[in-house]
**Q** 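Just passing along the structure, written as structure tokens.
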Amino acid sequence: MTEQPTPSPALTAIRETIAQLAATPDPIDRAKALGAVLDAIPDLQAELRGERQKAVIEIRESKSIADTAELLGVTQSRISQIAKGISRTKKH
């Protein structure tokens with residue numbers, strides 16, 4: 001059996017928030033709250049991408065592209081894409 005990596009604290013916090021929303025007793029309130037979060041996801045993704053881009057650019061100020069890629073567990077070309085703000089997510 002393969003050991004699962006420990007999730008990041010940020011991912012754990014997001015999952016806890018989802019669990020709190022899912023535990024909303026009234027199904028109408030629960031559906032509205034979950035719908036509001038779903039509606040916000042595109043804006044949240046854009047915000048997260050922007051913050052990741054800033055972080056990668058900051059790392060690149062002191063590390064090579066190869067070192068940055070190794071540290072983040074992605075390819076060098078992906079580091080270049082992130083730094084340029086290029087998303088790998090396909091827009092529908």
Side-chain angles (χ1 to χ4, degrees):
M1 188 164 142
T2 306
E3 188 174 320
Q4 295 294 322
T6 304
S8 72
L11 186 56
T12 299
I14 291 167
R15 292 195 184 283
E16 288 172 356
T17 300
I18 292 169
Q20 289 173 352
L21 290 168
T24 302
D26 183 282
I28 295 169
D29 291 341
R30 184 170 61 242
K32 286 180 179 180
L34 292 165
V37 172
L38 286 168
D39 289 344
I41 285 176
D43 290 336
L44 294 171
Q45 285 180 320
E47 188 175 340
L48 288 167
R49 283 187 195 100
E51 291 301 323
R52 179 182 60 186
Q53 180 183 15
K54 287 191 251 180
V56 166
I57 290 168
E58 184 177 339
I59 295 165
R60 289 283 293 120
E61 290 173 359
S62 63
K63 305 265 187 229
S64 70
I65 194 166
D67 289 343
T68 303
E70 185 176 338
L71 287 167
L72 298 183
V74 298
T75 65
Q76 292 181 35
S77 63
R78 186 68 192 120
I79 292 299
S80 294
Q81 291 170 342
I82 292 169
K84 293 175 186 172
I86 298 171
S87 174
R88 65 180 174 195
T89 303
K90 293 182 181 175
K91 305 293 180 198
H92 298 283

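Numbering of residues begins at 1 and proceeds along the displayed sequence.
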**Q** Once you round to the nearest 0.5 Å, how far does CD of Q53 lie from CG of L48?
**A** 13.0 Å
**Q** Hey, any chance V56 and V74 share a hydrophobic cluster, counting ILVMFWY side chains that come within less than 4.5 Å of each other, even indirectly?
**A** yes
**Q** Distance check, rounded to the nearest 0.5 Å: E51 atom CD versus R49 atom CZ?
**A**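 Between atom CD of E51 and atom CZ of R49 there are 13.0 Å.
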**Q** Just wondering, more than 12 heavy atoms not from L38 lying within 6.0 Å of its CG?
**A** yes
**Q** Please name the pair of heavy atoms, one in A83 and one in I57, separated by the smallest distance, quoted to 0.1 Å.
**A** O-CD1, 3.7 Å
**Q** Would you say CZ of R15 has more than 12 non-hydrogen atoms from neighbouring residues, nucleotides or ligands within 6.0 angstrom?
**A**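 Check fails, neighbour count at 12 or below.
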**Q** Please report the closest heavy-atom contact between R30 and L21, naming both atoms and the distance.
**A**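 Scanning both residues, the minimum pair turns out to be CG-O, 3.3 Å.
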**Q** To the nearest 0.5 Å, what is the distance between CD on E70 and CD1 on I65?
**A**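 Taking CD in E70 and CD1 in I65, the distance rounds to 13.5 Å.
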**Q** Distance from E47 atom CD to I41 atom CD1, nearest 0.5 Å?
**A**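 One finds 13.0 Å between CD of E47 and CD1 of I41.
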**Q** Taking atom CD1 of I59 and atom CD1 of I79, what is their separation to the nearest 0.5 Å?
**A** 7.0 Å
**Q** Closest heavy-atom contact between R78 and I86?
**A**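 It is NH1-O, 3.2 Å.
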**Q** To the nearest 0.5 Å, tell me how far S80 OG sits from R60 CZ.
**A** 7.0 Å
